[in-house]
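Numbers here simply count residues along the sequence, with the first being 1. Note that these values count all heavy atoms, side chains included, but never hydrogens, waters or copies made by symmetry. Order of listing sets the numbers, starting from 1, for every ligand and every atom in it.
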Amino acid sequence: MSALAIETRPVAVTSRPTLTADLAAVAANTRDIAAHAPGAALMAVVKADGFGHGAAEVAVTALAAGATRLGVTSVDEALALRAAGVGAPILSWLNPVDADYAAAVAAGTDLAVPSRDHLDAVVAAATTAGTAHVHLHLDTGLARDGAPLAEWARLCRAARLAEQRGLLRVDGVMGHLACADVPADPSNATGRTRFAWGVEVARATGLRPAHRHLAATAATLTDPRTHHTLVRVGAGLFGIDPSGTVRLRPALTLTAPVVSVRRVRAGTPVGYGHTWTVTAATHLGLLPLGYADGLPRSASGPDGRAEVLVRGRRRRVVGLISMDQAVVDLGDDAVSPGEVATVFGPGDDGEPTAADWAAWAGTIEHEIVTGIGGRVTRRTVGDEHLHAPVRRGAHRTAGPTGLRSVR
Ligand SMILES: *Cc1c(COP(=O)(O)O)cnc(C)c1O
């Protein structure tokens, strides 16, 4: 039986819109990326349901392929992984001050701390839940998350005091780069310098952070100076290289059945607003996918360039993508209802990629793959290499996939 059978009941791909995650591609990407940072440990970032690929499935796959830690944003995401039986170290880095830190600590989840308020909340949780393992987060240049430089020394001192009280253990220091997809951007050097300074200040305060991490996918692939002891990789696992330097393998395929086919004559206007009119008699196919399912409406309309693959050929999306449906021009082909359209995939058979859709919509691949809606059926393939099942509600001990018990 398939290793992830519980999570992946077989579904008929043809019968409904289906998003298929290829875990073999995730495994191959994980190995490729690890080879680019041989001196650093690899944290697989599985936030946003593993970038839409299934957080637990991706976690188990990446751990089996060389990752040793996991990263998520919220405590809830970390607890969901624990409930699925994932025992590897998990870092959660984006939470409000009133998040359930006690539950996180009890579940052996590491917490990023970006401010004094967060530190106080984590320390308060630790008084009942036990020693909290934290990574202090320094803002190295996004003015987004992480402590501002001016507050860093104070944060380090407060964390050191909490360490001395036995409530906290500072396991890591983290930063993040704003422009790592453009290696020559001068802000990268600034970010590296700030990070090195942040680590020095932490050490001068008496902290001994074993994990020092600055790089996400782009920096991991382009700049060894950012690798330090650990790299945090999300996009790359899924075949997305923001730096455009390494060829990785897209892991997601979105398909949908053709619901109906109609013959229309020249002059027939199509869809809301009549933004497109049939120029020569043709067949129009209807797909049961729209912007509520993650097809960007901005890729359609009068200047829309969106296409899908039907019967081995690219077909243009015509008219505006609506909430639940999209219309494609099938030309002279008498495609039958029930035939499957590939909206995007790795591109092997000529289908568009998520990168194509991103270009058509004026966005990035990340937004396409994470934006697929909840009513699309999910399935995984390529998980035959996994030998330990992902279980709901049970913590697991060490196994061949790299899962280990909660410490
Ligand atoms: C999402 C995220 C990552 C992963 O970035 P990728 O470019 O997807 O590899 C790393 N660190 C932080 C803080 C993030 O939010």
Does a side-chain N-to-carboxylate-O contact under 4.0 Å join Asp171 and Arg69?
no

Shortest protein heavy-atom distance from atom 12 (C) of ligand 1, along with the residue and atom involved
Trp93 CZ2, 3.4 Å

Val233 and ligand 1 - part of the residue with a heavy-atom distance under 4.0 Å
backbone

List every atom of ligand 1 that sits less than 4.0 Å from any heavy atom of Gly234, numbering the atoms from 1 in the order shown and giving each element.
4 (C), 6 (P), 8 (O), 9 (O)

Would one find an N or O of Arg232, backbone or side chain, under 3.5 Å from an N or O of ligand 1?
yes

Can a salt bridge be assigned to the pair Arg160 and Glu163 using a cut-off of 4.0 Å between side-chain N and carboxylate O?
yes

Less than 3.5 Å between some nitrogen or oxygen of Thr217 and one of ligand 1, yes or no?
yes

Can you tell if the side chain of Pro346 reaches within under 4.5 Å of the side chain of Thr253, non-hydrogen atoms only?
yes

Using a 4.0 Å heavy-atom threshold (strictly under), name the region of Lys47 that reaches ligand 1: side chain, backbone, both or neither.
side chain

Of all protein heavy atoms, the one nearest atom 5 (O) of ligand 1 is Ala216 CB, 3.3 Å

Ignoring hydrogens and geometry beyond distance, is a side-chain donor-acceptor pair present between His213 and His135 at under 3.5 Å?
yes

Is the shortest heavy-atom distance from the side chain of Arg208 to the side chain of Arg169 under 4.5 Å?
yes

Using a 3.5 Å cut-off on N or O atoms only, is Ala235 in polar contact with ligand 1?
yes

Could you tell me whether a side-chain N or O of Thr275 sits under 3.5 Å from a main-chain N or O of Gly301, the two making a donor and an acceptor?
no

Phe51: numbered ligand 1 atoms lying under 4.0 Å from its heavy atoms
8 (O)

Any side-chain to backbone donor/acceptor pair from Ser92 onto Val75? Under 3.5 Å, distance only.
yes

